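What follows is a single structure, written as structure tokens, with notes after it.
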Amino acid sequence: MALGFSSAGAVPARPGTEASAPRPLGQLVPVPAEVVPGGSPYAITSTTPIRVADGSGHGSGSGTSSVSSSGSVSDEVRRIGTYLSELLRPATGYALPVTDRPGPGGIRLELGSPDRSLGEEGYRLHSTPAALTITARAPAGLFHGVQTLRQLLPDRVEADSRQEGPWKVAGGTITDAPRYGYRGAMLDVSRHFFPVEAVKRYIDQLALYKVNKLHLHLSDDQGWRIAIDSWPRLATHGGSTEVGGGPGGYYTKEQYREIVRYAASRYLEVVPEIDLPGHTNAALASYAELNCDGVAPPLYTGTTVGFSSLCVSKPVTYDFVDDVLREVAALTPGKYLHIGGDEADATSDEDYVAFMAKAQAVVGKYGKTVMGWHQLTAAEPVKGAVAQYWGYDRTGPAERGQVADAAKNGTGLVLSPADRIYLDMKYTEDTELGLRWAGLVEVRRSYDWDPATYLEGAPQEAVLGIEAPIWTETLTDSTEIEQMAFPRLLGAAEIGWSPAEARDWDTYRLRLAAQGPRLTALGIDFYRSPQVPWS
Ligand code: ACM
């Protein structure tokens with residue numbers, strides 16, 4: 001296997017100087033599994049078509065009409081072609097028509113690769129002067145291949161106004177598939193509320209780096225952010241403020257569905273979280289009967305944690321849990337329902353174990369897979385449950401061991417070590433935004449760890465992947481999210497996607513530096529870490 005971009009010598013090493021020569025084939029984040037450079041480049045021109053073909057090798061031959069009568073897969077390939085065309089059109093100024101008419105040349109998106117090792121998400125990109133061909137076994141693979149093509153083009157392709165060509169892609173072949181099936185990012189929309197457009201913007205940024213899960217932290221002490229028909233005050237009252245006392249907000253069911261649809265169009269699965277039994281002040285403030293003393297507390301706009309709990313002994317608590325999880329499950333096509341379980345410091349240990357057993361049963365009843373923060377392993381995780389590990393340096397051996405033991409007994413793990421990929425941790429003493437309870441997390445520290453060996457004692461097979469959460473106590477808009485997420489998010493994406501043997505800090509920092517102008521072209525004001533040789 002040829003890893004990296006070994007024969008890159010003929011092209012400029014400095015990113016952003018590719019006025020005529022294309023960027024090296026392996027200069028990507030995440031770094032692909034296999035890169036074999038060679039041959040002359042492919043060039044997109046004013047007459048380039050985007051040819052889409054389904055598993056039969058080509059389409060129905062009916063020109064630009066629908067590719068198949070039943071045709072969901074073909075329709076999906078066509079949709080990916082249209083997405084690519086719309087992505088490239090503003091900067092190139094070319095028409096880039098999408099067609100299923102067989103013919104030579106063009107950018108070719110083809111389903112039906114015989115290479116089983118590509119799996120559902122892998123792809124092969126083959127670039128010659130005659131054609132640029134992306135093949136995959138499933139639409140998700142084609143979509144990820146399109147993101148690779150996008151990164152191989154000059155950064156100015158991201159501009160929304162016409163730019164100078166040429167639009168060349170280096171010759172050669174990339175064969176690529178992800179290391180982990182779970183490659184997530186979490187957005188806390190509770191501490192501060194983010195409108196649908198901000199969530200879509202983040203989804204588009206995640207898609208560029210092949211992230212495939214969007215975990216939405218939909219409820220917490222400071223705000224309830226999803227409409228629940230059977231308990232309407234959760235959103236109308238519980239969603240009416242946020243940290244600092246701003247107006248807050250919540251997603252209507254239609255808005256949530258819109259987020260789910262948009263995420264799916266970028267091959268991301270939404271993982272909704274209703275945090276239970278702690279982190280529930282917004283719910284307790286909305287319904288007095290959920291409190292053991294029957295008295296609703298005031299809404300909360302501070303940033304303390306661990307003070308709220310549902311009333312574990314009251315039957316109405318389980319009506320609430322059943323109603324909420326039923327409605328959220330019904331809105332969510334994805335596999336997972338995340339029920340939190342972290343920092344339940346106001347719930348006794350005995351109550352916690354009893355409560356988590358009941359809440360997990362409700363998730364199963366509505367056909368979803370339980371996900372919870374790793375404190376779930378202090379209760380009894382149900383079969384198939386996934387624990388999200390968010391420990392850090394100060395997490396003691398007993399707690400680590402408990403999570404590792406659960407993993408040995410079949411609980412899946414998603415790794416979100418707080419002192420590595422909590423994207424809201426400050427980079428340095430001088431970072432204005434963010435928090436520092438897990439430590440200062442510079443770009444190298446965030447990148448330089450391996451999921452397979454991170455949690456001592458946990459079997460490698462238990463690790464489903466990684467997730468980079470961003471908590472928003474201090475973050476109020478997309479600009480602030482981006483200052484904290486970028487560039488660390490790219491490192492998390494690479495940790496989740498790339499083979500361990502293809503990754504190391506010394507080559508990553510160069511590939512990351514080459515992403516800087518692209519982030520700038522996308523309007524992302526990222527942290528210019530001195531650890532990275534930005535051009
Ligand atoms: C967490 O950071 N409380 C999961």
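Numbering of ligands and ligand atoms starts at 1, following listing order. Here the structure is a predicted model, which means the values were calculated and not measured.
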Notebook entry, point to check: Judged by modelled atom types alone, do Y123 and T148 share a side-chain donor-acceptor pair under 3.5 Å?
Noted result: yes

Next item on the list: Enumerate the atoms of ligand 1 whose separation from the nearest heavy atom of E343 is less than 4.0 angstrom.
Entry: 3 (N)

Check: Has R528 got its NZ or CZ under 6.0 Å from the middle of the six-membered ring of F526, at an angle within 45 degrees of the ring axis?
Finding: yes

Notebook entry, point to check: For ligand 1, which atoms, with element, lie under 4.0 Å from some heavy atom of W471?
Noted result: 1 (C), 2 (O), 4 (C)

Checklist line | Salt-bridge present (D323, R326; N to O < 4.0 Å) | finding: yes

Note to self: Does either side chain, that of T332 or that of Y256, offer a donor lying less than 3.5 Å from an acceptor on the other one?
What the structure shows: yes

Next item on the list: Provide, to 0.1 Å, the distance between atom 3 (N) of ligand 1 and the closest protein heavy atom, together with that atom's residue and name.
Entry: D342 OD2, 2.7 Å

Checklist line | Atoms of ligand 1, numbered as shown, that sit under 4.0 Å from any heavy atom of Y422 | finding: 1 (C), 2 (O), 4 (C)

